[in-house]
Amino acid sequence: MENIKYLKKIPLFFGLSDEQLLEISQLILERSYKKGRIIFMEGEPGEAIYILKSGLIKLTKRLEDGREHILHFVHAGEVFAEVVLFDGGNYPATSEVQEDSVVGVLRNKDIERLISKNPVMAVEMLRIMSRRLRTAQEKVMNLALHDTARRLAFALLKMAEEHGIKNSQGTVINMSLTNQELANLTGSSRETINRMLNSFKRAGAIDVDRQQIVILAKNKLEDLLR
């Protein structure tokens, strides 16, 4: 029954009956991973989709010059690697465990059997992919059209929207990110990110407390995007 609780939080399975969710839950294989472990590597055959029950997963892609580009941070309740379900191809990214994690694994062959019996599931999976595609397109446009300050401002605003917690100061981005990870996320260097964060702090737009960024003045970051 615990697996059903997690399945009900995943948009992929919205609209399915309790009986269908029970059938899916019985197919889930549970695995635990320690921080630093790799679940799958970019280029490996895609054999399953994953549900993150607890912890944090980072999805990255290796650029031609060897640098790591962060595509997405997966949080509890999210599905990842679902793209391999339809084309049977290789994983397009590497998944690295950022915090000790518990992961549910659904093998492609089992999901395909369920999809053939339930078109609602197929529609929901397409919706998830559409949202991911929209996010990817935003990142591509952001990288192409904006300089580093704008790219960083865009990234901070996006993270505040998705993972922000409001307090008396402003909005705390509830993620612990190193400057190198911010550099990877924005296609920049750690030194440049250091300069930009200090510049944002002097302008009163943000503050940094124990590796957590607080958005003090959202409008000042938004002004950079105009």
Side-chain angles (χ1 to χ4, degrees), residues 1-61 70-136 158-159 161-165 173-177:
M1 296 299 292
E2 181 186 15
N3 283 332
I4 293 179
K5 177 185 70 175
Y6 290 105
L7 293 174
K8 285 184 174 181
K9 295 180 180 179
I10 301 172
L12 176 63
F13 301 121
F14 284 177
L16 300 185
S17 68
D18 287 343
E19 291 77 15
Q20 290 167 326
L21 290 173
L22 178 60
E23 185 178 1
I24 296 172
S25 72
Q26 293 169 343
L27 301 175
I28 295 175
L29 306 174
E30 187 172 291
R31 296 173 183 167
S32 297
Y33 295 93
K34 292 292 185 181
K35 180 179 179 180
R37 285 287 305 276
I38 300 296
I39 298 177
F40 54 78
M41 292 287 293
E42 178 182 350
E44 289 182 346
E47 298 178 346
I49 65 174
Y50 298 84
I51 303 166
L52 183 58
K53 293 185 175 183
S54 65
L56 182 68
I57 304 292
K58 179 174 69 174
L59 300 181
T60 63
K61 193 170 184 66
I70 299 174
L71 299 174
H72 182 60
F73 283 98
V74 183
H75 293 263
E78 288 189 279
V79 178
F80 62 105
E82 68 273 16
V83 67
V84 302
L85 176 63
F86 293 105
D87 66 5
N90 298 333
Y91 289 115
T94 295
S95 61
E96 180 180 349
V97 179
Q98 298 295 285
E99 300 172 0
D100 290 355
S101 299
V102 177
V103 177
V105 182
L106 287 169
R107 295 178 299 179
N108 288 358
K109 61 183 180 181
D110 296 329
I111 290 295
E112 287 170 0
R113 175 171 57 83
L114 289 178
I115 288 176
S116 67
K117 296 189 298 184
N118 195 319
V120 172
M121 183 184 296
V123 170
E124 291 302 332
M125 295 182 84
L126 289 173
R127 287 175 179 167
I128 284 179
M129 291 183 176
S130 177
R131 287 195 292 271
R132 289 284 178 86
L133 177 60
R134 187 179 300 113
T135 298
K158 190 74 172 177
M159 287 188 290
E161 177 185 342
E162 295 178 350
H163 311 294
I165 298 176
I173 297 176
N174 191 30
M175 295 176 66
S176 181
L177 290 172

Between [X] and [Y], what is the shortest heavy-atom contact and its length?
| X | Y | answer |
| --- | --- | --- |
| Ser101 | Gly55 | OG-CA, 3.5 Å |
| Met159 | Ile173 | CB-CG2, 3.9 Å |
| Leu27 | Asp110 | CD1-CB, 3.7 Å |
| Asn90 | Val84 | O-CG1, 3.8 Å |
| Ile57 | Ser95 | CG2-CB, 3.9 Å |
| Ala48 | Arg107 | CB-CA, 3.9 Å |

Quick check for you: to the nearest 0.5 Å, what is the distance between [X] atom [atom1] and [Y] atom [atom2]?
| X | Y | atom1 | atom2 | result |
| --- | --- | --- | --- | --- |
| Lys61 | His72 | NZ | NE2 | 16.0 Å |
| Leu106 | Leu114 | CG | CG | 8.5 Å |
| Glu96 | Met41 | CD | CE | 9.5 Å |
| Ile4 | Leu21 | CD1 | CG | 6.0 Å |

**Request:** Name all residues meeting the salt bridge (Lys or Arg N to Asp or Glu O under 4.0 Å) criterion together with Lys109; count only those two or more places apart in sequence or in a different chain, and write none if there are none.
**Result:**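 Lys109 satisfies salt bridge (Lys or Arg N to Asp or Glu O under 4.0 Å) with no other residue.
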**Message:** Do Met175 and Glu162 have side chains that approach each other closer than 4.5 Å (heavy atoms only, starting at C-beta)?
**Reply:**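 No; the side chains remain at least 4.5 Å from each other.
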**Message:** Here's a test for you: under side chain to side chain contact (heavy atoms under 4.5 Å, CB included), which of Ile28, Ile24, Val103, Val102 qualifies with Ile51?
**Reply:**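 In the set Ile28, Ile24, Val103, Val102, the residue that makes a side chain to side chain contact (heavy atoms under 4.5 Å, CB included) with Ile51 is Ile28.
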**Message:** Which residue is it: Ile39, Ile49, Leu71? I am looking for the one with a side chain to side chain contact (heavy atoms under 4.5 Å, CB included) to Phe80.
**Reply:**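 Answer after filtering Ile39, Ile49, Leu71: Ile39.
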**Message:** Check this for me: does any side-chain nitrogen of one of Lys34 and Asp100 sit under 4.0 Å from a carboxylate oxygen of the other?
**Reply:**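 Asp100 and Lys34: salt-bridged.
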**Prompt:** Which pairs, with at least one residue in residues 51-60 and sequence neighbours excluded, count as a side-chain hydrogen bond (donor to acceptor under 3.5 Å, both in side chains)?
**Reply:**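 Qualifying pairs: Asn3-Lys53, Glu30-Lys53, Lys58-Glu68.
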**Asked** Under 30°, 30 to 60°, or over 60°: which ring-plane class applies to Tyr91 and Phe40, parallel, tilted or perpendicular?
**Response**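 Answer is parallel, since the angle falls under 30°.
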